[in-house]
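Structure, as structure tokens:
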Amino acid sequence: MTRDEFKDKILAILVDDFEFEEPGLEDNLRDDHGFDSIDAIELLGKIELILGFSFTREEKEKAMGIRTINDILDYVEAIQQSRTK
Amino acid sequence: MAEMQSSNNSFSLRRLSAECIDCLVTLVCWIWFIFGFLLFFSWFYLAAALFRKKTELYFQRLNSYFYAIFFCIVRVTAPRQRMVIDEKIAEIRSSVIVCNHLSYLDPLLLIALFRQQKTIVKSRFFKMPVFGLIIRKSGYLPASSEGQFAAMMIKQMDTMGVYLKSGGNLFIFPEGTRSRDGKIGKLNKGAFKIARMHKRPIYVLKICNTDKLFTPGKFFFNTRVKNEISVTIADCIVPDYHNHPPTIADLELRVRAALGEK
């Protein structure tokens, strides 16, 4: 899956399931959209479904530091790359 | 003049003796907290810690018994305090429970009421020597997921679905802090998100008058005034998660209405 395709899916999830209004790629998720750690864990579950594999606990811990949608895309890209190696 | 002086003296004496009673009741409760734990409960906690599989469950039960005894002590030592708890509350299982927050007694009261309970606790408490260990072993969640708490939060959230399905309750004070004027403050949405994520009912409980016994900002219990502490079910929200999943805003609105605010 390309970064753009993944971005579209993430944006759709954030709008449909997390009730975001007009999310921007560089918005601060917490400050601009009230996205908290519980949301982060729920989103990780949805990303796992898209990717078809589960994250390790260490990978999930790293995700807790994510601040923007671009961070999410970078994070998933890095994990996908490390798994294909 | 002499009569007035005598009346003043008697008033001061009465006030002093009443304050002594408050001091004594508070002291007895603290004695229970320290020596009740050290002499009696620490052994059970130690034994529970040895069980690898059901440690959380055993710790939660011990917490519940510990605080149930605490409230028995309060009832005996402060007979002017009456407690009225809706009997149906003890039957609540597998639910997310949200409640208004008036006093530090509120979480203790809810722990005493539910044998299988988890809650969200201020992160700094997890760093305390003994108390921190107990709340960690009980499977309580830290309020923050920053730094060292990220792993703890993830572990608890990973197992939350199974925990709730097995009959456990998660109680949360969505205001996050005690109300000083009885009004409902801004509600954090975490409780609603967890309920929706795991498709669980939300019970809204209303606690009244715990602040009259243990007033925010005061050290001693106020045992002299006649007081009725009550816990009632204000609402039970069972959304149709499959066909009409509610928005978080919907849930918040309904909880706020149940707690008596439009």
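A note on names: the letters A, B, ... follow the listed sequences, proteins ahead of strands, and every chain is numbered from 1.
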(request) In plain terms, say whether K193(B) and E19(A) are close enough for a salt bridge, that is, a side-chain N and a carboxylate O under 4.0 Å apart. (result) no
(request) Find the distance between CE (M157(B)) and CD (E42(A)) and round it off to the nearest 0.5 Å. (result) 8.0 Å
(message) Within this structure, what is the CD1-CG distance for the pair I154(B) and L44(A), rounded to the nearest 0.5 Å?
(response) 7.5 Å
(request) Before giving the answer on salt bridge (charged side-chain N to carboxylate O under 4.0 Å, His left out), spell out for K189(B) and D39(A) the whole-Å C-alpha distance, their side-chain angles and the decisive distance to 0.1 Å. (result) CA-CA 10 Å; K189(B) 298 173 178 69; D39(A) 290 319; over 6 Å; no
(message) Tell me the closest heavy-atom pair linking M153(B) and S37(A), and the distance in Å.
(response) CE-OG, 3.5 Å
(message) If we define contacts as heavy-atom pairs under 4.5 Å, which of A151(B), G190(B), A150(B) has the most with chain A?
(response) A151(B)
(message) Under 4.5 Å from any heavy atom of chain A, what part of L141(B) do you find: side chain, backbone, both or neither?
(response) neither
(request) Using non-hydrogen atoms and a 4.5 Å limit, figure out which bit of I38(A) sits close to chain B: side chain, backbone, both or neither. (result) both
(message) Could you measure the distance from the NZ atom of K155(B) to the NZ atom of K60(A)? Nearest 0.5 Å is fine.
(response) 13.5 Å
(message) Using a 6.0 Å cut-off, check whether atom CZ of F44(B) has over 12 heavy atoms from anything other than its own residue.
(response) no
(message) If I measure from the heavy atoms of chain A, does D158(B) come under 4.5 Å with its side chain, its backbone, both, or neither?
(response) side chain
(message) Could you check whether atom OH of Y104(B) has more than 12 heavy atoms from other residues, nucleotides or ligands sitting under 6.0 Å from it?
(response) no
